[in-house]
Amino acid sequence: STIDVAWARRFIALATADVLAHRVELSELDREIGDGDHGENLARGFTAADAAVQASEATTVGGILKLVATTLMSTVGGAAGPLYGTAFLRAAKVSDVADVDAAGVHALLEAALGGIVARGKANVGDKTMVDAWTPAVAAASEVAAAGGSAADALAAAARAAGEGAEATIPLVALKGRASYLGERSAGHKDPGAASTALLLDAAARAAAES
Amino acid sequence: STIDVAWARRFIALATADVLAHRVELSELDREIGDGDHGENLARGFTAADAAVQASEATTVGGILKLVATTLMSTVGGAAGPLYGTAFLRAAKVSDVADVDAAGVHALLEAALGGIVARGKANVGDKTMVDAWTPAVAAASEVAAAGGSAADALAAAARAAGEGAEATIPLVALKGRASYLGERSAGHKDPGAASTALLLDAAARAAAES
Amino acid sequence: MKKLINDPQDVTSEAVAGFVAAHSDIVTQLDGLVVARVGGAVQGKVGVISGGGSGHEPLHAGFVGVGMLDAAVPGAMFTSPTPDPILEATRAADGGAGVLHIVKNYTGDVLNFETAAELADAEDIEVATIIVNDDVAVEDSLYTAGRRGVAGTVLVEKIAGAAAERGDSLAGVLSIAERVNANVRSMGVALTACTVPHAGKPSFELGEDEIEIGIGIHGEPGRHRIPIASANEITDMLLDPVVEDLGLAAGEKVLLLVNGMGGTPASELSIVYLHARQRLEAMGAEVARSLVGNYVTSLEMQGASVTVLRLDDELTELYDAPVRTAALRWGL
Amino acid sequence: MKKLINDPQDVTSEAVAGFVAAHSDIVTQLDGLVVARVGGAVQGKVGVISGGGSGHEPLHAGFVGVGMLDAAVPGAMFTSPTPDPILEATRAADGGAGVLHIVKNYTGDVLNFETAAELADAEDIEVATIIVNDDVAVEDSLYTAGRRGVAGTVLVEKIAGAAAERGDSLAGVLSIAERVNANVRSMGVALTACTVPHAGKPSFELGEDEIEIGIGIHGEPGRHRIPIASANEITDMLLDPVVEDLGLAAGEKVLLLVNGMGGTPASELSIVYLHARQRLEAMGAEVARSLVGNYVTSLEMQGASVTVLRLDDELTELYDAPVRTAALRWGL
Ligand SMILES: Nc1ncnc2c1ncn2[C@@H]1O[C@H](COP(=O)(O)OP(=O)(O)O)[C@@H](O)[C@H]1O
Ligand SMILES: Nc1ncnc2c1ncn2[C@@H]1O[C@H](COP(=O)(O)OP(=O)(O)O)[C@@H](O)[C@H]1O
Ligand SMILES: [Mg+2]
Ligand SMILES: [Mg+2]
Ligand SMILES: [Mg+2]
Ligand SMILES: [Mg+2]
């Protein structure tokens, strides 16, 4: 009950398809409280990442994730590019192995969150993607402690990320572009939190398949 | 049955009121096939002309008309400014007398039309103010030949100018801004012809009162 | 209508006052809204003035300064100025060698400048007049008002201004201006209309997916209306008649001016420029000089015009000559 | 959405190519859409670069040239560029004396320039960074993303560029840039929203009679929405917080920049300028320098921003120093 490089490849394929399918929706969320490019930015990045992954011969989970990291870093731009780039880079570092179990999933997600916080310095409740990653890490930790599988850990993380994203709706943004709106940012879902939920859902589905 | 300086003063007062009352309508006609400023241009000009006439101590018809001419020339701008300015100037030259009879009205209108054609070089049917002035001159000429009064001559001229203005509707413009529209200028009344009808109507009403 | 204005009647006077205050090192304001070079007429130099309705900024006041115009006469919004301020500008520009009037070919402008020239003549100021008529959207015929003067005007002003600065006689400056006018053609497109402040509503209506080809610069509707197309297709529709009317041959050098109508993002002008340039090069023409930006506008209208000027060595040299105005400046 | 574009995905690359072709005497294009000075890095001179999302033209590429930037990095529309082209621009600007990164304070720009600086450091190019944050519409706090960088950026670029051209060290150029940033404040208003090409609809919706006060330059909505008011009233709403935040005192000299958001007629900018200037003078400030026009835009947005820079003799001298770029040019 571990995940491997095949999972990583499948994860990116599904994530890319999901980003493309929700491109307009993500930009629409960003249009409401940001500058309306989040879907476009991720579509550009994941299309490139997917192509890179397909061309790659990496044999470890981390190998794939690192490739995704550098590709996102050099194609997404905006705030999400460096944040997701650093997240994947840190996750890659702790997963340069063939197989990852539930504890490994937790470590991987925790490293990703650590990278995002290191770069963006957002706190929980600032209405950013951190509000989706934080409960995801906690959920994976619980599954790992309870002896669940990697797939279980990802499923729990994805669920928690989705709830975390929903929970950003009433918040007033303190970081990122939405913060310029002050009180008017309340009542809208944070686009980065929404894309985080989307990505973790793809990761969980890829794991469930394997 | 002549008209005099009192008529001239009353004419300008009525004309000014009419221009102000039809300001939007004239600009609207100009918006359809020109640049939408004809009402504004004449409003500016006649407001100034009216003030000048009220302050003036001129004792002849021509004295008043000359003052109107120079004021319009220096306040209206656009095509209508020099055209109406020259029209009033030429009319003033042939009416520098205390009393004007029907023949005098004909001479005055003919001089005005001559000035417009001298400056603008439009032919009948080019869809300009010439299409209102030309039948007005002819109508005044008929009344004068038939021995009518100055007031009769102006009434006939005003009626003919109104018909002339209506008759510009189907025409394709060959002069002025409307000509840039080519065939698309057909179906709209020429604003300058419309304002000519308005002015001559004020002249006729002023004469009927006296 | 949403505009950054106070009383609509004060738009022109406030705009001119603000413009002059912002550029007080270059221009000064005379009676009747006339904008003139600081320092007054240059003795012995031919004066060059222009003017016309407001709403086309930076034309004309933005081109007053060393190497270009001596004075500009802004009329009411989209309305030619009256003869008095034109005369005032003529006097201000007169350094004893005569004054060139650069007039865009609109009935109102032509007539008002004509009267002003007569008045100047009565004061013994020699005036020559160039009527600019570069707009190929309009049919040119003896029996019509003829082609309009549009964006090519800025090139006539630059090059005639440089000729005057060089010390040419009035006849010489006029002949240079005529050469520019004979070799320049333009055509424009509107994506949206514009709204004259006192009118309060747009000068014409365009559907959500319509554009107007062959527009003028006074908020007049154009020659025909078509569905929106790609920038390259639209550029072709503007460039083709320009090149054809100019009779441009392979091997010729040209100046390519892509002019924004006021509300067009700079990036779109660059896209139009790129395609027009590539098309001209494909025809074998050399794009030796370029100008891209808002030079002759129609308030906030979105759209652009393409202008091609056939260059020869002298026109190129005069175009390159130093200029110091609010809207065009190099070498000084 | 009506725009003079081809494929929305190609807007930035075509616009940059067109821009570079039109100004080939001043700039050249490197990999990754980087726009650099012709002639390459100046040996011994501190390099100065900037960059950010496209859609703000002429910022930044329009300010590449002698006396200002050595290179500019245009990102996708309203999206900060990635580290690779920033690194490319840093290399192109490096004449051995280090490179200043001028970064507008947006999370994306800050993070991407940060990474590029690390990469440059790994190549032994010394990089210093100035984060421009002049927008008083945004609350500045340790616990938020802080104030945005808006129109004041052009003044930082001009003055830091002049300091580099003068031969200042990297620390010196950085300290000049910091002084400009510490003394410049801006605030903007939108009358209409703008439409990013790939989005296809406006970035926000404004009613027929509504305006948005405190907008940024990325099509983000502003701080609050009010009914349209007169130009003078709106100018007061922009100028008052700027002056207050700056703590401007009587007797001080300032530079007044009225910046158009892209779709505003020049006449309206002049009207805003006139009132802002009169207000500043009434407060006892001296408006010693002025800049009015489209410098930091949001595509076709109608609106404007008011920027005040407190001047001292050195900043004035550096501002006045010759500059030769596509969008700002004097003395050369
Ligand atoms: N400081 C930050 N920390 C964490 N996440 C952030 C931060 N700033 C922005 N974000 C995330 O980035 C998202 C916006 O990404 P995107 O729209 O692609 O970039 P940009 O804001 O530069 O246009 C936000 O919805 C938010 O989740
Ligand atoms: N060449 C001409 N001869 C006679 N009348 C003309 C000529 N050109 C224009 N006009 C008249 O002027 C009117 C337009 O006046 P106005 O709108 O005030 O000036 P502009 O066209 O300069 O905006 C037209 O409706 C037409 O009647
Ligand atoms: Mg965004
Ligand atoms: Mg008109
Ligand atoms: Mg007019
Ligand atoms: Mg963005």
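Below, chain A is the first sequence line, B the second, and so on; all start at residue 1.
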(message) So D:Leu4 and C:Ile271, do their side chains get closer than 4.5 Å, heavy atoms only?
(response) no

(request) Tell me, for C:Asp10 versus chain D, whether the close heavy atoms (under 4.5 Å) come from the side chain, the backbone, both or neither. (result) neither

(message) With a 4.5 angstrom heavy-atom cut-off, is it the side chain or the backbone of C:Leu332 that approaches chain D, or both, or neither?
(response) backbone

(request) Counting only heavy atoms closer than 4.5 Å, note whether D:Ile234 contacts chain C via side chain, backbone, both or neither. (result) side chain

(request) Among the options D:Val16, D:Val20, D:Asn232, pick out the one with the most heavy-atom pairs lying under 4.5 Å from chain C. (result) D:Asn232

(message) For a 4.5 angstrom cut-off between non-hydrogen side-chain atoms, does C:Val308 reach C:Leu255?
(response) no

(message) With chain C as the partner, which of D:Arg289, D:Gln302, D:Glu57, D:Lys2 has the greatest number of non-hydrogen pairs under 4.5 Å?
(response) D:Lys2

(message) Checking side-chain polar atoms at under 3.5 Å, does C:Glu157 have a donor or acceptor matched by the opposite partner on C:His60?
(response) yes

(message) Report which part of D:Ser267 has an atom under 4.5 Å of a heavy atom belonging to chain C: side chain, backbone, both, or neither.
(response) both

(request) Show your working on side chain to side chain contact (heavy atoms under 4.5 Å, CB included) between C:Leu257 and C:Leu155 and close with a plain yes or no. (result) CA-CA 9 Å; C:Leu257 159 59; C:Leu155 302 176; 4.2 Å; yes

(message) Need one label for C:Val11: side chain, backbone, both or neither, based on atoms under 4.5 Å from any heavy atom in chain D.
(response) both

(message) At a 4.5 Å cut-off on heavy atoms, which part of C:Arg277 comes close to chain D: side chain, backbone, both, or neither?
(response) side chain

(message) Quick check for you: among C:Pro265, C:Pro322, C:Gly262, which has the greatest number of heavy-atom pairs under 4.5 Å with chain D?
(response) C:Pro265

(message) Would you compute the distance between atom CG of D:Asn259 and atom CG of D:Leu59 and round it to the nearest 0.5 angstrom?
(response) 9.0 Å

(request) Using a strict 4.0 Å threshold on nitrogen-to-oxygen distance, state whether D:Asp25 and D:Arg324 make a salt bridge. (result) yes

(message) Do D:Asp236 and D:His275 pair up side chain to side chain, a donor and an acceptor below 3.5 Å, judged on atom types alone?
(response) yes

(message) For the aromatic rings, using the six-membered ring if either is Trp, is the centroid distance between C:Phe78 and C:His56 under 6.0 Å?
(response) yes

(message) Under 4.5 Å from any heavy atom of chain D, what part of C:Met1 do you find: side chain, backbone, both or neither?
(response) backbone

(request) With the side chain counted from C-beta on, respond yes when C:Pro58 and C:Leu328 share a heavy-atom pair under 4.5 Å apart, and no when they do not. (result) no

(message) Does any backbone or side-chain atom of C:Ile228 lie under 4.5 Å from a heavy atom of chain D? Answer side chain, backbone, both or neither.
(response) side chain

(request) Could you tell me which portion of C:Tyr273 (side chain, backbone, both or neither) has an atom closer than 4.5 angstrom to a non-hydrogen atom of chain D? (result) side chain

(request) Let me know if C:Gln278 has heavy atoms under 4.5 Å from chain D in its side chain, its backbone, both or neither. (result) neither

